[in-house]
Amino acid sequence: MPPNDRSSASASVTHTVETAIFDAASGGGNDNHGWDELIEQAVRDNVRSNADVDWGRFNSQAYFDHNYGKLRDDDREIIQVVGDFFARATRGKMVGSAIDVGAGTNLYPAMTMLPYSSQLTLLERAHSNRAWLLRELPEPHESWLDFWDEIREGREHYRPISDPFYVLQERARVTRGNVLTLEEDRYDIGTMFFVAESITTRTDEFQRAVRHFVRSLRHGRPFASAFMRNSSGYYVDGVHFPACSIEEKDVRAALAPVAKNVTISVVESNDLRDGYCGMMVATGFKR
Ligand SMILES: C[S@@+](CC[C@H](N)C(=O)[O-])C[C@H]1O[C@@H](n2cnc3c(N)ncnc32)[C@H](O)[C@@H]1O
């Protein structure tokens, strides 16, 4: 953590401790001893809730340059899984409105849903990322062409779209929002890439994010979600952001109450940064 982050880290621990106290109280516990333990645990673990993080400090261009300035092999593999799944799940039909949750500076999840969606919500909590997306849609970076070629290769449903960036700009709505308060039963297809585990250190918030995402879809609708595996957090332009360290079993457990026919694929990846152990992609349908 850079030195100038220390004051915000201690403020975040204070906030988290308050949250822990509130959680303990609303859980019905009136045992002071339990609260003390919770507080000590939160301080020891340096817990950071989603609300503790100043998302306005997310440097969009630095994140884009590092992650999506060129097409990487791990993204290539994720595209294979997601492109094939959506083709099978929709049978090439237009299903309705789509959502990409926590879009950040990543256009390719939305691009995989283009043939199937008449409207695309790009939901983002960070103002910096919403502003970046609004600038990016009319003037996309060249690297997205390589992502599109990879998506389209061998998949007939994408062929009729001759100008994907025009179609994306026409259909996309950049929207301020929070995955933890998403409205239920609203969308017909959805993606959420590297969000649930990369916005908090808290397992309960990771689970809530996964479940709110899936619940935002209508009954039986398909989704794809990507996760960092065993992530210890990440830096964007020197600012530290939290992560919840998860594996396949955690993704499966988070999805179990809300999704059916779930498949989880592990994607090899080790050179994006330190402190993670590959990626995972989950596909399935809302229960
Ligand atoms: C690691 S980035 C992933 C961005 C992008 N989806 C990708 O594939 O690279 C996490 C994203 O989640 C956003 N985010 C943080 N808290 C959120 C929340 N409560 N609801 C929705 N998005 C959130 C951040 O602003 C950031 O864009």
Side-chain angles (χ1 to χ4, degrees), residues 63-95 98-117 120-123 133 136-137 140-169 171-172 187-198 213 221-229 231 248 251 261-273 276-285:
Y63 184 82
F64 168 82
D65 289 342
H66 186 69
N67 292 280
Y68 305 114
K70 70 179 179 55
L71 174 60
R72 299 166 43 83
D73 284 346
D74 40 29
D75 287 318
R76 226 183 264 280
E77 209 176 318
I78 292 172
I79 285 170
Q80 298 306 325
V81 172
V82 176
D84 289 350
F85 170 70
F86 281 151
R88 281 195 310 275
T90 61
R91 297 198 196 91
K93 298 216 168 51
M94 178 77 86
V95 292
I99 184 166
D100 180 42
V101 174
T105 65
N106 187 359
L107 297 186
Y108 88 79
M111 286 157 66
T112 65
M113 297 189 283
L114 268 190
Y116 316 117
S117 47
L120 266 152
T121 296
L122 304 181
L123 190 100
L133 285 167
E136 183 72 1
L137 287 168
H141 283 82
E142 269 186 24
S143 56
W144 296 122
L145 271 174
D146 295 334
F147 286 81
W148 178 250
D149 285 345
E150 192 68 29
I151 291 169
R152 194 182 54 165
E153 179 68 33
R155 291 187 189 88
E156 56 177 331
H157 306 151
Y158 297 87
R159 292 250 173 71
I161 303 174
S162 57
D163 189 345
F165 302 113
Y166 175 77
V167 177
L168 183 60
Q169 190 193 351
R171 295 186 189 165
Y187 300 96
D188 300 295
I189 184 168
T191 50
M192 180 171 73
F193 278 29
F194 311 117
V195 175
E197 81 297 357
S198 297
F213 161 59
R221 301 301 202 268
F223 68 85
S225 190
F227 305 89
M228 299 301 279
R229 193 166 173 275
S231 174
E248 296 89 303
V251 175
N261 299 342
V262 171
T263 302
I264 299 174
S265 314
V266 176
V267 173
E268 199 183 310
S269 173
N270 51 33
D271 60 350
L272 186 61
R273 58 174 168 78
Y276 76 113
C277 209
M279 300 174 177
M280 298 172 283
V281 196
T283 57
F285 300 82

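Only this structure's heavy atoms are used, side chains among them; waters, hydrogens and symmetry mates stay out. Here the structure is a predicted model, which is why all the values come from computation and not from measurement.
- Within the 4.5 Å cutoff, side-chain heavy atoms of V81 are placed close to those of T283.
- Counting heavy atoms from C-beta outward, V82 and F193 have side chains that approach closer than 4.5 Å.
- Of all the heavy atoms in A172 and L137, the pair that sits closest is CB-CD1, 3.9 Å.
- Note that OG of S265 is 10.5 Å distant from CZ of F85, once rounded to the nearest 0.5 Å.
- In this structure the side chain of H141 reaches within 4.5 angstrom of the side chain of F64, judged on heavy atoms.
- Heavy atoms only, all atoms of each residue included: M280 and M228 are closest at CE-O, 3.9 Å.
- For T121 (side chain) and L123 (main-chain N/O), no donor-acceptor pair under 3.5 Å exists by modelled atom type.
- Checking Y158 against T112 by side-chain atom types alone, no donor-acceptor pair falls below 3.5 Å.
- Using a 4.5 Å heavy-atom cutoff, the side chains of V281 and I264 are not in contact.
- Contact detail for D74 and E268: the closest heavy-atom pair is CB-O, 3.8 Å.
- For the side-chain hydrogen bond (donor to acceptor under 3.5 Å, both in side chains) with Y108, the qualifying choice from D100, T191, D146, D75 is D75, the only one to do so.
- Classified by interplanar angle (parallel below 30°, tilted 30° to 60°, perpendicular above 60°), the ring pair Y68/F147 is perpendicular.
- The main-chain N or O of Y63 is found under 3.5 Å from a side-chain atom of N67 such that the two form a donor-acceptor pair.
- The CZ atom of R72 lies 4.5 Å from the CG atom of L272; values are rounded to the nearest 0.5 Å.
- Taking 4.5 Å as the limit, every side-chain heavy atom of Y187 sits out of range of all side-chain heavy atoms of S117.
- Side chains of R273 and S231: a donor on one and an acceptor on the other come within 3.5 Å.
- V266 approaches E77 most closely through the heavy-atom pair O-OE2, 4.0 Å.
- E136 contributes atom CD, which lies 10.5 Å from atom CG of N106 (distance to the nearest 0.5 angstrom).
- Proximity of M111 to E150: side-chain heavy atoms (C-beta onward) are nowhere separated by under 4.5 Å.
- Counting heavy atoms from C-beta on, the side chains of I99 and I189 never come closer than 4.5 Å.
- Across all non-hydrogen atoms, the minimal contact from H157 to Y116 is ND1-OH, 3.0 Å.
- In terms of heavy-atom proximity, F223 sits nearest to F285 at CE2-N, 3.4 Å.
- Atom-to-atom distance recorded for L145:CG and S143:OG is 8.5 Å, nearest 0.5 angstrom.
- Side-chain atoms of R159 do not come within 3.5 Å of backbone N or O of R152 as any donor-acceptor pair.
- A salt bridge links E248 to R229: one of the charged nitrogens lies within less than 4.0 Å of a carboxylate oxygen.
- We find the CD1-CE distance between I151 and M113 to be 10.5 Å, quoted to the nearest 0.5 Å.
- Here L114 contributes atom CG and F86 contributes atom CZ; the two are 11.5 Å apart, rounded to the nearest 0.5 Å.
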